[in-house]
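Below: one structure, written as structure tokens.
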Amino acid sequence: MSKLEVHVGGTFAGMKRRALAAVERAKAGETVSESHLSFASLEVFTAIMTPKRLELLRHVHREPQASVAALARALGRDYKRVHEDVEALTTAGLLDRQEGLLKAPYDAIRAEMVM
């Protein structure tokens, strides 16, 4: 199962710690394949991950789409709004364009919030 680790809050030191830990595990012979995204605050994360955008991500995970227009039709939503959502999710790193398709290439999103 592929997993995307989302970190909300925290510092550059936390990101550095995660990267160094992965390097150490790789040096020890472990296969390391991790995907991490960091957001500065809960406000930033929730501005990106709205309920409609989560619905869009789930749909794209199940059925990668060839275009924003096809995705808008599949979701029964306005093209302009879906385009805005796709751009926001792509810019944030939550949605990918691969091999001519919009994809959400992970099975789970695990979010961690630093106090």
Side-chain angles (χ1 to χ4, degrees):
M1 175 159 115
S2 59
K3 181 172 47 173
L4 175 65
E5 301 278 342
V6 173
H7 306 275
V8 179
T11 63
F12 178 73
M15 288 187 277
K16 183 178 175 182
R17 221 176 8 261
R18 285 190 299 275
L20 291 174
V23 168
E24 289 303 314
R25 291 194 317 273
K27 284 181 182 177
E30 182 181 330
T31 300
V32 179
S33 177
E34 300 176 356
S35 296
H36 294 266
L37 287 178
S38 295
F39 294 88
S41 66
L42 181 60
E43 292 78 16
V44 172
F45 178 68
T46 57
I48 299 296
M49 185 59 81
T50 65
K52 287 286 189 187
R53 290 177 180 166
L54 180 57
E55 174 189 1
L56 185 153
L57 280 176
R58 286 180 171 145
H59 181 84
V60 171
H61 173 72
R62 289 187 309 271
E63 299 176 36
Q65 298 291 307
S67 67
V68 173
L71 179 57
R73 282 191 301 276
L75 294 172
R77 292 184 53 206
D78 176 68
Y79 172 87
K80 181 180 176 184
R81 298 290 178 229
V82 172
H83 183 270
E84 290 169 353
D85 289 349
V86 166
E87 289 305 309
L89 292 168
T90 301
T91 299
L94 291 160
L95 189 63
D96 289 339
R97 294 178 196 260
Q98 299 174 355
E99 302 163 3
L101 293 173
L102 293 169
K103 294 183 178 182
Y106 37 81
D107 299 312
I109 297 174
R110 181 178 172 268
E112 176 181 273
M113 200 166 42
V114 177
M115 301 304 277

Under a 4.5 Å cut-off applied to non-hydrogen side-chain atoms, are [X] and [Y] in contact?
X     : Y     : value
Leu95 : Leu56 : yes
Leu4  : Leu94 : yes
Arg77 : Asp85 : yes
Leu54 : Met49 : yes

Inset, instruction - Keeping the roles fixed (side chain from His61, backbone from Asp107), state whether a donor-acceptor pair exists under 3.5 Å. - result: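 Flag not set: sc His61 to bb Asp107 has no pair under 3.5 Å.
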Legend entry - Donor-acceptor under 3.5 Å (Gln65 side chain, Glu63 main chain):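 Here the side-chain-to-backbone pair exists.
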Legend entry - Sidechain N-carboxylate O distance under 4.0 Å for Lys27, Glu24: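 Result for this pair is yes, salt bridge flagged.
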Inset, instruction - Determine whether more than 12 heavy atoms belonging to other residues, nucleotides or ligands lie under 6.0 Å from atom CD of Gln98. - result: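 Yes - once you tally the heavy atoms of other residues, nucleotides and ligands closer than 6.0 Å, there are more than 12.
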Inset, instruction - Could you state whether Leu101 and Val60 fall into the same hydrophobic cluster, counting links through intermediate Ile, Leu, Val, Met, Phe, Trp or Tyr residues with side-chain heavy atoms under 4.5 angstrom apart? - result: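 No, separate clusters.
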Inset, instruction - Would you kindly confirm whether Val114 and Val8 end up in one hydrophobic cluster when ILVMFWY residues are joined by side chain heavy atoms under 4.5 Å apart? - result: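 Result: no, two separate clusters.
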Legend entry - Minimum-distance pair of heavy atoms, taken over all atoms of Pro105 and Ser2: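 Residues Pro105 and Ser2, closest heavy atoms: O-OG, 3.4 Å.
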Inset, instruction - Run through Lys80, Arg97, Arg53 and flag the one making a salt bridge (Lys or Arg N to Asp or Glu O under 4.0 Å) with Glu87. - result: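 It is Arg97; the other options fail the test.
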How far does [atom1] of [X] sit from [atom2] of [Y], to the nearest 0.5 angstrom?
X     : Y      : atom1 : atom2 : value
Asp78 : His83  : CG    : NE2   : 12.0 Å
Glu5  : Ile109 : CD    : CD1   : 11.0 Å
Ser35 : Arg110 : OG    : CZ    : 13.5 Å

Inset, instruction - Applying salt bridge (charged side-chain N to carboxylate O under 4.0 Å, His left out), run through Arg58 and Glu55 and close with a yes or a no. - result: CA-CA 5 Å; Arg58 286 180 171 145; Glu55 174 189 1; over 6 Å; no
Inset, instruction - Check Val86, Leu57, Asp96 against Leu102 for a side-chain contact (heavy atoms from CB on, under 4.5 Å) and give me the one that passes. - result: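 Checked Val86, Leu57, Asp96 against Leu102; only one passes side-chain contact (heavy atoms from CB on, under 4.5 Å): Val86.
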